[in-house]
Amino acid sequence: MTATTTELSYRLEQKRNVGEFPGPKSRELSARRDAVVAGGVASSVPVYIADGDGGIIKDVDGNSFIDLGSGIAVTSVGASAPAVVAAVQEAVQHFTHTCFMVTPYEGYIAVAEKLNELTPGDHEKRSVLFNSGAEAVENAIKIARKATGRNAIVAFDHAYHGRTNLTMALTAKAMPYKSGFGPFASDIYRMPMSYPFREENPEITGTEAAKRAILAIEKQIGGTEVAAIIIEPIQGEGGFIVPAEGFLPTLAAWAKENGVVFIADEVQAGFCRTGKWFAVDHEGVVPDLITMAKGIAGGMPLSAVTGRAELLNAVHGGGLGGTYGGNPVACAAALAAIETMEQFDLNARATRIGEQIQGRMNKLAEELSVIGDVRGRGAMQAIELVVAGSKEPNAALTKAIADYCLAQGVIILTCGTYGNVIRLLPPLTIGEELLGDALDVLEAAIRANA
Ligand SMILES: *Cc1c(COP(=O)(O)O)cnc(C)c1O
C-alpha cells in the first residue's frame, strides 16, 4: 500500500475561510511596502502571509486561502513540512554557513548523492549546487560550452529560464521579463516548439515537430556549432505546454548524434510535480544535464545541475561555485523534503491530483467552449481559455476567473505567452476534499465569467 493523505497530518485546519480582505493588517503592510519596496516587484495577491501548512495559507488578518500555486511549484511538500522544519532547526543550531568552497560539509555531498541517484540514467554522474533556478541554468550553459568548446545555444518558443542576463536571453517573452533590460547575451537561437493546441497543422506528430526544429537548427546554426539544447520538458511560464509525444526523444537523439549537450530544465516540473521524479521520465528521455530548483528543498533556496560526469568534470577547479551555493541549511531541507516525497509517495499523490483536476475540467470543457484545452501531467495542470468557439486567446476571461477565485479564498496562478492559461500547482500534500472544494470554486468562476 502506498501512503494516502489520511496519513499526512496538518497543523492548520484544512479549510477555506475568508472574510473581507485585504484586512487592516494587510492594508497597513501594503502602505509600508509602497513606501520602501521597489515597484518592479509585483505580487499577485494583496494579502500578507503569516502561516502555511498543507493546502492552506493564512494571512495576517486570519483569512485562510486554499493554495493552488505552492509559491510557484516550490512548496510541493507543504510550506511547513514537519521533516523540513525539524531538519532546518537542527542544522541551523550548528552552522548557518561556512562556504563549501572554503570549509566543506557533508550535507552538500549527501544532496549530490541523492540527486545522482534520482535523476534519470545509470551513467556516472556529478552534481553542483547553487541558489536559484536561473543560476542553475546559467551554470548548465557554462558547463556545456566548456565541455564542447562550442558557443551556440538552442532555446525554444514560449521558453522561460529566468531573469538574469543570460537566462533573459533564453526566455522568450518580452513583457514583463525582458522589455528594456537589454542588451542580451549572444549566440542564443530560438526554435519552434511543439504546442499541440496551437499547431497550424493539428495532425503534426511530436517527431515531425522535432524535425521541424532540427531542420531550422541545421540551416541556421549547423549541428556542429551547437553546444547545447535547453528545453523545459513541460514549459512552465510559457503556458504549461506539454510537447507532443516523440518531440523530446527525437530532439535528444539528434543531440546525441551531433555531440550536442541536451539540457532538461526541470526547475518547475521536477521533484514529483508531474507524478514522476522528473518530467522527462514520462518519455524515458535521459538528459545530459538536468537543472533543478523550485520543489527541491521544501521552500529553502537551493538549486542544482546534475549530469554526465565527463561534462561536469570538464570544468577546471574553481570554474563553478558561488558564496552561498549549497548552503548547509538548504541542503538539510532538501534531504528532508526528498525524504518526505518518498515517505508519502508524493509521485502517486501528484498523479491522483492530476486525475481529480482533469476529471472535473475535461467534463466542464465539453460544456463550455471557452475552455480550449485542458492539459498537463500530475499536479501540473493547465486550462487554456479562448474566445468561445475559437482559438483566440482570452486573457481577460483568465484574469476574471483568477480574481473570482481569489475573492472566494482560492489562490490560482495564470501563465502563458498570451496570458490566457490558468495553471494549477497545488502542494502535493493537499487533501482530496480541500482540492475538491477549490475545484468547485474554480468551476463556479469559469461558469460565472464564460
Ligand atoms: C522558475 C524557473 C526558472 C528560474 O528559477 P528562479 O529560481 O526564479 O531563478 C528557470 N527555469 C524554469 C523552467 C522555471 O520555471
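We use all heavy atoms of the structure for the numbers below, so side chains are in, but hydrogens, waters and symmetry mates are not. Counting starts at 1 for both ligands and their atoms, in listed order. Predicted model, so just to flag it, every value in this text is computed and none were measured.
- Distance screen at 4.0 Å: atom 9 (O) of ligand 1 has a protein heavy-atom neighbour inside the cut-off.
- Ligand 1 has at least one atom lying under 4.0 Å from a heavy atom of K294.
- Counting atoms of ligand 1 from 1 in the listed order, those under 4.0 Å from a heavy atom of S132 are 7 (O), 9 (O).
- Which parts of ligand 1 touch Q268 is read off a 4.0 Å heavy-atom cut-off, strictly below it: atoms 15 (O).
- Heavy-atom contacts of A134 reach the following atoms of ligand 1: 4 (C), 5 (O), 6 (P), 9 (O) (cutoff under 4.0 Å).
- Looking at G238, G133, A73, it is G133 that brings a heavy atom closest to atom 7 (O) of ligand 1.
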Stepwise salt bridge (Lys or Arg N to Asp or Glu O under 4.0 Å) check, E342 with K114: CA-CA 12 Å; E342 287 169 337; K114 204 71 205 171; 3.2 Å; yes
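- Here is the list of ligand 1 atoms found below 4.0 Å of a heavy atom in D265: 10 (C), 11 (N), 12 (C), 13 (C).
- When each atom of ligand 1 is checked for a heavy atom of Y160 under 4.0 Å away, the hits are 1 (C), 2 (C), 3 (C), 11 (N), 12 (C), 13 (C), 14 (C).
- Applying the ring pair (Phe, Tyr, Trp, His ring centres under 6.0 Å) test to every pair with at least one member in residues 290-315, sequence neighbours left out, gives no pairs at all.
- A cation-pi arrangement is not found for K256 relative to F262, the charged atom failing to lie both closer than 6.0 Å to the ring centre and inside a 45° cone about the ring normal.
- The shortest N or O to N or O distance between E232 and ligand 1 is not under 3.5 Å.
- Taking the ring centre of F65 as origin, the terminal cationic atom of K58 falls outside the region bounded by 6.0 Å and 45° from the ring axis.
- Sorted by first and then second residue, the pairs that involve residues 286-310 and meet side chain to side chain donor-acceptor pair (under 3.5 Å), not counting sequence neighbours, are S127-T306, D265-T291, D288-R308.
- Electrostatic pairing of E283 and K276 does not count as a salt bridge here, judged by no charged N lying under 4.0 Å from a carboxylate O.
- When atom types are taken as modelled, the side chain of Q89 and the backbone of V84 share no donor-acceptor pair closer than 3.5 angstrom.
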